[in-house]
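First comes the structure, then the notes that go with it.
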Amino acid sequence: MSAAALAPERPLQLALGTSVSCARSNAGRVRCWGQESSSVFLDAPSGRRTPTEIPALRGVAALFVGGGHACALDADGALACWGNNYDEQLGVATQGVSPQAPVRPALPSGRLLSVSLGAAHSCAVIEGRGVYCWGLDDHGQSSGAMGQRRARPSLIANTRDAVQVAAGASFACARRSDGAVLCWGDNEASQLGRAAREGDVGPRVVEGISRVSAVFAGYSHACAVREDQTVACWGLDAWGSLGTASPSAGAARAAVTPVVISGVRAVRELAMGYGFTCALSGAPADAARVHCWGHAQFGKTGIEPNFGRNPTPHEITFASEPERIEAGNDHACALLRDGTIVCWGAGEHGELGDGRPIERRTLEPVAGLSGVTRVVAADNATCASSATAMHCWGGESQGRLSIDSHWGTATPARFRSHAHGGVISLGGRTACECPSSGPCWCSGAGLLSDATGYIRGTVAAPHLSFARTWGRFRVRSIAATATVHCMSREDGRVACVGSDDDHILGPAVAGAPRVIARAVATGLRGPVELFGSPRSVCALDTRGLLRCFGSNAEHQISATDERVLGATTVFDSVRAARGARSRGPLVAMTVGRTCAVVAGAVRCRGGLTTAAAVINVTAGARMSEDVEAIFGGGADSFCARRTNGRYFCWGNNVHGQLGVGPASNTSVVTPTDAPALDGATQLAIGAQHLCGRWADGSVRCVGSNAHSQLGDGATSWSASPVTSRW
């Protein structure tokens with residue numbers, strides 16, 4: 001038995017795709033982790049969060065991963081590919097169907113010198129013949145001439161003396177034996193080393209660089225390691241991808257001529273993804289080091305993702321010396337000398353390999369909160385208030401959480417208002433806290449400030465809102481849409497303010513809130529309670545009359561118009577169960593549905609129902625007529641509470657946000673008891689998560705945690721390397 005056969009199995013090579021990671025071991029086995037939409041796992045339709053072996057692969061000598069497909073070389077040098085074949089990137093014509101086993105592209109005979117996979121195309125260098133590519137060809141990346149797709153490998157012109165190929169998202173570059181580089185395919189960002197306006201997609205030599213020892217391709221930029229072990233890059237430079245101080249994140253800036261990256265020397269290899277690059281460097285006598293630069297989202301350059309760009313190479317440190325590096329779209333991994341694999345960057349789909357779940361199916365408490373009196377949720381964020389403070393956590397949007405971060409916060413952060421103890425709201429762009437007396441304090445976009453009038457930009461610190469027209473009236477109720485905030489006073493008046501992109505409130509009135517008391521209050525009595533969905537608002541009076549206005553695209557308000565500018569009556573007898581005192585909201589709204597408690601039963605309008613239909617929601621075998629409160633949010637997720645304090649839920653439960661158990665991963669069609677919620681005094685439902693408040697003042701959350709909206713400190717990314725469970 002050979003010494004190699006006796007050696008313990010350990011990872012030997014890394015290969016990363018868009019949101020999947022793979023590794024080849026010294027035993028020729030392949031393990032992958034991450035998102036399954038690529039079909040790379042063959043037999044794991046839901047993907048994996050830790051390295052999982054692909055049984056169909058044995059004796060693999062080299063491994064390559066693209067956007068949604070992968071290829072492997074066996075010990076004899078033959079190539080086999082598997083995964084997505086929608087654009088025939090596997091080299092066989094299967095009419096868009098992904099094969100259930102690896103297939104062999106019809107390559108000419110000869111020794112394979114290099115293989116590289118792009119987003120939906122593949123390329124290989126055959127010694128003495130040149131570069132052959134196949135797959136999607138919408139930019140000429142598979143042929144050097146514009147086409148649709150190529151099921152059979154096509155020879156790229158003028159590449160006979162190529163020795164290496166690097167495939168980017170929709171382009172490719174080859175290194176010739178004389179050290180020159182030529183590129184072909186998509187040139188929208190000058191990634192071919194020529195002006196973007198030039199229409200020729202065929203292979204041409206990149207000017208301004210020579211004596212290249214290796215070439216690499218990212219999403220829309222390319223880099224080359226020269227014989228002196230320095231790096232030069234060209235193409236898109238929107239986020240400092242070329243090591244330059246870009247004007248702003250996402251700005252259209254590109255370099256036709258290769259730019260030398262300062263700060264990295266003795267480069268051994270590069271790893272490139274969406275707008276970022278990592279370099280493994282170090283002289284032979286020195287320990288290897290890794291530096292990353294460019295697009296800094298998700299922490300993939302090793303810095304906290306508060307900023308969109310990082311033009312300066314940043315060193316990432318490891319517990320052991322790095323030997324190899326690879327990059328996917330938004331994450332990167334390193335193979336260390338001690339045999340461990342560490343990854344950093346985006347981890348929403350499990351691509352970091354540490355097994356950390358991105359959603360929870362059981363309610364867990366949010367640490368650090370006590371005495372909470374109200375909790376609210378919107379899309380991917382949550383806020384909770386007490387008598388002394390309001391705290392928010394989850395995804396940030398235009399400064400609404402009033403924190404110094406572009407992405408958000410994984411743990412509750414104090415909302416920096418100047419008064420507390422009243423009502424709170426959270427919308428798509430704005431959060432507000434309204435004390436028991438005085439004006440509201442709001443943070444985000446589209447606010448009305450006492451000092452500066454209508455603020456159209458982002459305000460990442462709370463400002464007085466509605467103060468000019470509101471005076472000293474107490475705010476009774478507040479509701480938010482994606483772009484608008486509405487508030488009701490004790491005297492029954494209602495006013496709204498915001499950017500109102502959907503024209504919920506009718507024709508725009510620049511520089512002032514629109515007071516809509518006449519439209520809403522027609523026929524209403526006394527102070528009203530407001531309720532909001534992303535695109536509409538409802539007002540409920542003291543007699544149970546519910547009138548709504550805004551988007552009506554799914555007839556959630558009316559059987560007639562798609563948008564209701566003047567309020568229309570939706571239900572006229574909204575009240576809790578007979579003889580029961582309402583202890584919670586009687587109306588719940590989502591993007592396309594409006595539900596209310598009518599005489600103790602739940603009735604809904606909109607969604608997939610016919611225009612005029614009002615649907616009675618049944619609980620079990622009979623109509624539930626003992627409902628005292630209803631909660632809703634997101635994409636049609638609802639829960640109702642009976643007079644005995646027990647809950648039943650229905651609707652969207654893809655992320656387990658209804659708390660009804662792990663068995664439900666799509667929709668709960670029949671209202672189902674949710675014992676995990678029993679005892680909660682209030683619920684708040686976001687797009688993919690739910691948080692509840694209990695009588696002891698604690699908050700517990702369940703569902704998706706992709707944006708840290710559960711408040712447990714977990715994130716869907718990591719700027720520091722985390723160890724995969726090999």
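For clarity, every value in this text was computed on a predicted model and none was experimentally measured.
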[X] atom [atom1], over 12 foreign heavy atoms within 6.0 Å:
X: Phe216; atom1: CZ; result: yes
X: Gln148; atom1: CD; result: no
X: Glu188; atom1: CD; result: no
X: Glu9; atom1: CD; result: yes
X: Arg211; atom1: CZ; result: no

Within the 4.5 Å heavy-atom criterion, are [X] and [Y] side-chain neighbours or not?
X: Leu280; Y: Val267; answer: no
X: His331; Y: Glu351; answer: yes
X: Cys22; Y: Leu63; answer: yes
X: Gln141; Y: Asp138; answer: yes

### Query
Any cation-pi pair here, Arg31 with Trp726, using under 6.0 Å and within 45°?
yes
Under 3.5 Å, is there a donor-acceptor pair between the side chain of [X] and the main chain of [Y]?
X: Asn380; Y: Ala706; answer: no
X: Asn26; Y: Arg10; answer: yes
X: Asn187; Y: Leu192; answer: yes
X: Asp237; Y: Leu242; answer: yes
X: Gln164; Y: Arg176; answer: no
X: Asp76; Y: Ala78; answer: no

### Check: Asn310/Thr301 side-chain N/O donor and acceptor closer than 3.5 Å
yes
Looking only at non-hydrogen atoms, find the nearest pair between [X] and [Y] and report the distance.
X: Phe171; Y: Ser220; answer: CE2-CA, 4.2 Å
X: Cys278; Y: Ala332; answer: SG-CB, 4.5 Å
X: Ile209; Y: Val212; answer: CG1-CG2, 3.8 Å

### Query
Are Asn85 and Thr94 close enough, and set up right, to give a side-chain hydrogen bond (donor to acceptor under 3.5 Å, both in side chains), and what steps lead you there?
CA-CA 7 Å; Asn85 198 42; Thr94 59; 2.5 Å; yes
### Query
In Å and rounded to the nearest 0.5 Å, what is the NE2 to CD distance from His121 to Gln89?
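Those atoms lie 10.5 Å apart.
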### Query
Any Lys/Arg nitrogen of Arg150 or Asp137 sitting under 4.0 Å from an Asp/Glu carboxylate oxygen of the other?
yes
### Task
State plainly whether the residues Glu323 and Arg268 are in salt-bridge range, i.e. N to O under 4.0 Å.
no
### Query
Phe318 vs Trp344 aromatic rings, parallel, tilted or perpendicular, using cut-offs 30° and 60°?
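Phe318 vs Trp344 ring planes: tilted.
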### Task
Could you point out which residue of Arg48, Arg29, Arg24 forms a salt bridge (charged side-chain N to carboxylate O under 4.0 Å, His left out) with Glu53?
Arg29
### Message
With ring pair (Phe, Tyr, Trp, His ring centres under 6.0 Å) as the criterion, how do Tyr274 and His295 come out once you've worked through the C-alpha distance, each side chain's angles and the decisive distance to 0.1 Å?
### Response
CA-CA 7 Å; Tyr274 181 71; His295 194 199; 5.5 Å; yes
### Message
His349 vs Ser716, test: side-chain hydrogen bond (donor to acceptor under 3.5 Å, both in side chains). Steps then yes/no.
### Response
CA-CA 8 Å; His349 302 290; Ser716 60; over 6 Å; no
